[in-house]
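I have placed the structure first, in the form of structure tokens, so that the comments after it can refer back to it.
Here the structure is a predicted model, which is why all the values come from computation and not from measurement.
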Amino acid sequence: MTASNMMDLGSSAPEFELKNTEGSFTKLTEVKGDKATVVMFICNHCPYVIHIAPQIAKMAKAYASQGVQFIAINSNDTETYPADSFENMIKEKAARGYNFPYLIDADQSVAKAYDAACTPDIYAFDANLKLVYRGQFDASRPHRISSGNYDSSVNPSTGKDLSQALDAIVAGKPVPTEQLASIGCNIKWKVGNEPS
């Protein structure tokens with residue numbers, strides 16, 4: 001288990017332009033939401049991401065009409081973890097019904113720019129791309145029943161923490177600054193590329 005590093009609130013979102021699963025490129029400033037933008041570092045194989053993935057898909061669709069844009073980035077080393085390959089990202093997006101860009105951070109520079117540490121690592125920015133929330137999706141965690149097997153019906157994901165932050169942003173209210181770190185698998189850094 002790895003906790004997120006909790007970037008300073010008020011930080012500007014680092015710009016990026018990354019390849020998406022449709023084969024073109026997505027630039028943050030070109031797709032940001034009118035009211036909020038959620039940047040998530042996720043992957044295909046992590047049980048912590050798998051646990052919340054259905055709720056992420058639902059939330060992204062629910063908030064789309066409220067001016068909130070979700071963006072997902074996979075920064076894992078895909079050579080060491082082939083389940084997270086670009087080809088599998090395409091399949092994952094389709095299977096999950098994600099309505100948002102799913103991007104590959106092949107050189108891991110964007111993960112470093114965001115000081116991302118785990119999957120999922122979640123950041124919510126306001127209309128001016130200033131950080132107002134970073135931390136856990138909710139308090140649920142995957143329930144392990146045996147090696148490599150998890151039961152998502154135990155302690156199901158709700159997205160409560162992120163949705164409370166987004167509701168405040170959309171309503172033009174301040175987001176509470178007491179925020180809990182996300183917990184997940186560490187980002188799978190390429191050998192020699194690990195941040196200090």
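Sorted by first and then second residue, the salt bridge (charged side-chain N to carboxylate O under 4.0 Å, His left out) pairs involving residues 96-116 (not counting sequence neighbours) are Glu92-Arg96. Note on residues 90-115: pairs passing ring pair (Phe, Tyr, Trp, His ring centres under 6.0 Å), not counting sequence neighbours, are Phe41-Tyr114, Tyr98-Phe100, Tyr114-Tyr123. The stretch residues 165-196 participates, sequence neighbours left out, in no ring pair (Phe, Tyr, Trp, His ring centres under 6.0 Å) pair at all.
Arg141 places none of its side-chain heavy atoms less than 4.5 Å from the side chain of His51. Contact of the Met40 side chain with the Phe137 side chain is not registered, since no non-hydrogen atoms from C-beta on lie closer than 4.5 Å. Annotation: side chain of Gln164 is not in contact with side chain of Leu166 (no heavy-atom distance under 4.5 Å). Two residues are said to be in side-chain contact when any heavy atoms from C-beta on lie closer than 4.5 Å; Cys185 and Pro47 meet this criterion. The shortest side-chain heavy-atom distance between Ile183 and Tyr48 falls under the 4.5 Å cut-off. Considering only heavy atoms from C-beta on, Ile73 comes within 4.5 Å of Phe16 through its side chain.
Expressed to the nearest 0.5 Å, how far OG1 of Thr29 lies from CG of Leu129 amounts to 8.0 Å. Rounded to the nearest 0.5 Å, atoms OG (Ser24) and CD (Glu17) are 9.5 Å apart.
For the residue pair Asp167/Tyr63, the side-chain donor-acceptor check at 3.5 Å is satisfied. Under 3.5 Å, the side chains of Asp138 and Ser157 contain a donor-acceptor pair of N or O atoms. For Ser85 and Asn88, the side-chain atoms include at least one donor-acceptor pair closer than 3.5 Å.
Partners of Glu22 according to the salt bridge (charged side-chain N to carboxylate O under 4.0 Å, His left out) rule, which considers only residues two or more places apart in sequence or in another chain, are Lys93. A search for side-chain contact (heavy atoms from CB on, under 4.5 Å) contacts involving Thr80 returns Asp77, not counting sequence neighbours. Shown here are the side chain to side chain donor-acceptor pair (under 3.5 Å) partners of Tyr81, two or more places apart in sequence or in another chain: there are none.
Residues Leu131 and Val175 do not share a hydrophobic cluster, defined by chaining ILVMFWY side chains whose heavy atoms lie under 4.5 Å apart. Note on Leu180 and Met6: separate hydrophobic clusters, where clusters join Ile, Leu, Val, Met, Phe, Trp and Tyr whose side-chain heavy atoms are under 4.5 Å apart, directly or indirectly. Leu9 and Phe125 end up in the same hydrophobic cluster when Ile, Leu, Val, Met, Phe, Trp and Tyr side chains are linked at under 4.5 Å. When hydrophobic clusters are built by joining Ile, Leu, Val, Met, Phe, Trp and Tyr residues whose side-chain heavy atoms come closer than 4.5 Å, directly or via intermediates, Val49 is grouped together with Phe70. Connection of Val132 to Val68 is established within a shared hydrophobic cluster, with ILVMFWY side chains joined at heavy-atom distances below 4.5 Å, either directly or through further cluster members.
With hydrogens and angles ignored, the 3.5 Å screen pairs a side-chain donor or acceptor of Gln108 with a backbone N or O of Lys190. Formation of a donor-acceptor pair under 3.5 Å by the Gln69 side chain with backbone atoms of Lys32 is not found in this model. The main-chain N or O of Asn76 is found under 3.5 Å from a side-chain atom of Asn74 such that the two form a donor-acceptor pair. Glu30 places no side-chain N or O within donor-acceptor distance of the main-chain N or O of Leu28, the cut-off being under 3.5 Å. Checked by atom type and distance alone, the side chain of Thr2 never pairs as donor or acceptor with a backbone atom of Cys118 at under 3.5 Å. Side chain of Asp126 to backbone of Asn128: a donor-acceptor contact under 3.5 angstrom is found.
Residues Phe86 and Thr21 approach most closely at CZ-CA, 3.8 Å, considering heavy atoms. Contact between Thr119 and Cys43 at its shortest, heavy atoms only, is OG1-SG, 3.9 Å. Closest heavy-atom contact between Pro120 and Ile42: CB-CG2, 4.4 Å. Summarising the geometry of Ala64 relative to Asn99, their closest heavy-atom pair is CB-ND2, 4.2 Å, with the distance given to 0.1 Å. Scanning both residues, Ala83 and Asn44, for their nearest heavy atoms gives O-ND2, 2.9 Å. Heavy-atom minimum distance, Asp84 versus Met89: O-CG, 3.9 Å.
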Step-by-step side chain to side chain donor-acceptor pair (under 3.5 Å) determination, Lys130 to Ser12: CA-CA 5 Å; Lys130 297 296 184 183; Ser12 297; 2.5 Å; yes
Full working for side-chain contact (heavy atoms from CB on, under 4.5 Å) between Ile104 and Thr78: CA-CA 10 Å; Ile104 182 82; Thr78 59; 4.1 Å; yes
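Atom NZ of Lys58 is surrounded by 12 or fewer heavy atoms from other residues, nucleotides or ligands within 6.0 Å. No more than 12 heavy atoms of other residues, nucleotides or ligands shown are found within 6.0 angstrom of CD on Glu79.
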